[in-house]
Every structure is written in structure tokens, then in C-alpha cells.
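For reference, positions follow the sequence shown, starting with 1.
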Amino acid sequence: QLQLVESGGGLVQYGGSLRLSCSGSGFALDPYTIGWFRQAPGKEREGVSCIHSSDGSTDYADSVKGRFTMSRDNAKSTVYLQMNSLKPEDTGVYYCAARGRELGSAWSAARWYNYWGQGTQVTVSS
């Protein structure tokens, strides 16, 4: 069964940058649609972005468009989330998720993903 491992979280000041990584443990990620989700204390889990297995296209939540960028490195079996111009509102636990079948417009719904990582904490200070 596919296992996902996130890394790259940490503490950063307002306006700073972080790059999160999502790797498959012993599995290539290119056959999967990969999504990033985040959850702040007291709030619901939110779909942040997605990279589609079908054509490599990406989708982003309105709250992060223009600031976050997803990419794949198939040789390293890793998906990245580059986060720039970070705000305190971006604080939360970030989760990587995978689905073996293609998702279209439903990419931001967590219930459609089959595999999840353990999460990595991102904290943005004022």
C-alpha cells in the first residue's frame, strides 16, 4: 500500500517562504493525482492545491493562488509545494494525499483521496 511522507514544515515569519515535499515510500508518485490539504486549529480541513496525474496540470484554492506552486520530480518520486509570501492565515498542519484515479473538478474534496501522509506543521508568525 502506498505510504506518503511529508517534510519541509517549520516556523517562518510573515512574507517568508517554505517548500514542502511529499514522497512515496517505495512507490513512484507519477501515477497518482496528488493533493495538498491543511488544517488550522478549530477549523475544517481545506484543500490547498492539486497536481493531476492525467496531464500534470495544477489547481489551487483561491486563498493561495499566485503564492503557492506545485511541481513534480518524477526521478525523485517527490511532489513539492512551494509556498511564498506566507501569511499567518497559512498556519496549520499540511497533509499530502494521493488518489490512484484521476480527479477533475472534485480535487479539493478530501473524501476522494485514498492515501494520506502524517502531516507537517507550518507556522507563520506576524
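- The structure places OG1 of Thr58 at 7.5 Å from NE2 of His52, a figure rounded to the nearest 0.5 Å.
- A single hydrophobic cluster is not seen to contain both Val48 and Tyr80; linkage of ILVMFWY side chains at heavy-atom distances under 4.5 Å, directly or through other members, places them apart.
- The nearest pair of heavy atoms linking Ser53 to Pro31 is CB-O, 3.6 Å.
- Paired with Val64 under the rule side-chain contact (heavy atoms from CB on, under 4.5 Å), one option of Arg38, Met83, Glu46 passes, and it is Arg38.
- Here Asn114 contributes atom CG and Leu2 contributes atom CG; the two are 9.0 Å apart, rounded to the nearest 0.5 Å.
- Tyr115 and Val79 fall within a single hydrophobic cluster, where Ile, Leu, Val, Met, Phe, Trp and Tyr are joined by side-chain heavy atoms under 4.5 Å apart, directly or via other members.
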Show the atom names and distances, to 0.1 Å, of all donor-acceptor pairs under 3.5 Å that link a side chain in residues 119-126 to residues at least two apart or in another chain.
{"from": "Thr120", "atom 1": "OG1", "to": "Gly9", "atom 2": "N", "distance (Å)": "3.2"}
{"from": "Gln121", "atom 1": "NE2", "to": "Thr123", "atom 2": "OG1", "distance (Å)": "3.3"}

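- Put simply, the side chain of Glu6 gets close to the backbone of Cys96: a donor and an acceptor are under 3.5 Å apart.
- If you take CD on Gln1 and CZ on Phe27, they are separated by 8.5 Å, rounding to the nearest 0.5 Å.
- Rounding to the nearest 0.5 angstrom, the gap separating the OG1 atom in Thr33 from the CG atom in Asp59 is 10.0 Å.
- Separation of atoms CG (Leu29) and SG (Cys22) is listed at 5.5 Å; rounding is to 0.5 Å.
- By the neighbour-count criterion of 12 heavy atoms within 6.0 Å, atom CD of Glu89 is densely surrounded, having more than that number from other residues, nucleotides or ligands.
- Taken from CD in Glu44 to CD in Gln39, the straight-line distance is 8.5 Å, to the nearest 0.5 Å.
- Note: the hydrophobic cluster containing Leu4 does not contain Trp107 (ILVMFWY, side chain heavy atoms under 4.5 Å, direct or indirect links).
- Between the side chains of Ser23 and Thr78, at least one donor N or O lies within less than 3.5 Å of an accepting N or O.
- A search for ring pair (Phe, Tyr, Trp, His ring centres under 6.0 Å) contacts involving Phe37 returns Tyr113, Trp116, not counting sequence neighbours.
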Pair Asp90-Lys87, salt bridge (charged side-chain N to carboxylate O under 4.0 Å, His left out): steps then yes or no: CA-CA 5 Å; Asp90 296 317; Lys87 307 173 181 179; over 6 Å; no

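- A side-chain donor-acceptor contact under 3.5 Å links Arg67 to the backbone of Ser85.
- The environment of CD in Gln82 is crowded: more than 12 heavy-atom neighbours from other residues, nucleotides or ligands sit within 6.0 Å.
- In terms of modelled atom types and a separation under 3.5 Å, the side chain of Arg99 and the main chain of Gly35 share no donor-acceptor contact.
- Leu86 and Leu20 fall within a single hydrophobic cluster, where Ile, Leu, Val, Met, Phe, Trp and Tyr are joined by side-chain heavy atoms under 4.5 Å apart, directly or via other members.
- A disulfide bond (SG atoms under 2.5 Å apart) check over residues 33-92, counting only residues at least two apart or in different chains, returns nothing.
- A donor-acceptor contact shorter than 3.5 Å links the side chain of Tyr60 to the backbone of Met70.
- In terms of heavy atoms, Gly117 sits closest to Tyr95 at O-CD2, 3.7 Å.
- More than 12 non-hydrogen atoms from other residues, nucleotides or ligands lie less than 6.0 angstrom from CD of Gln118.
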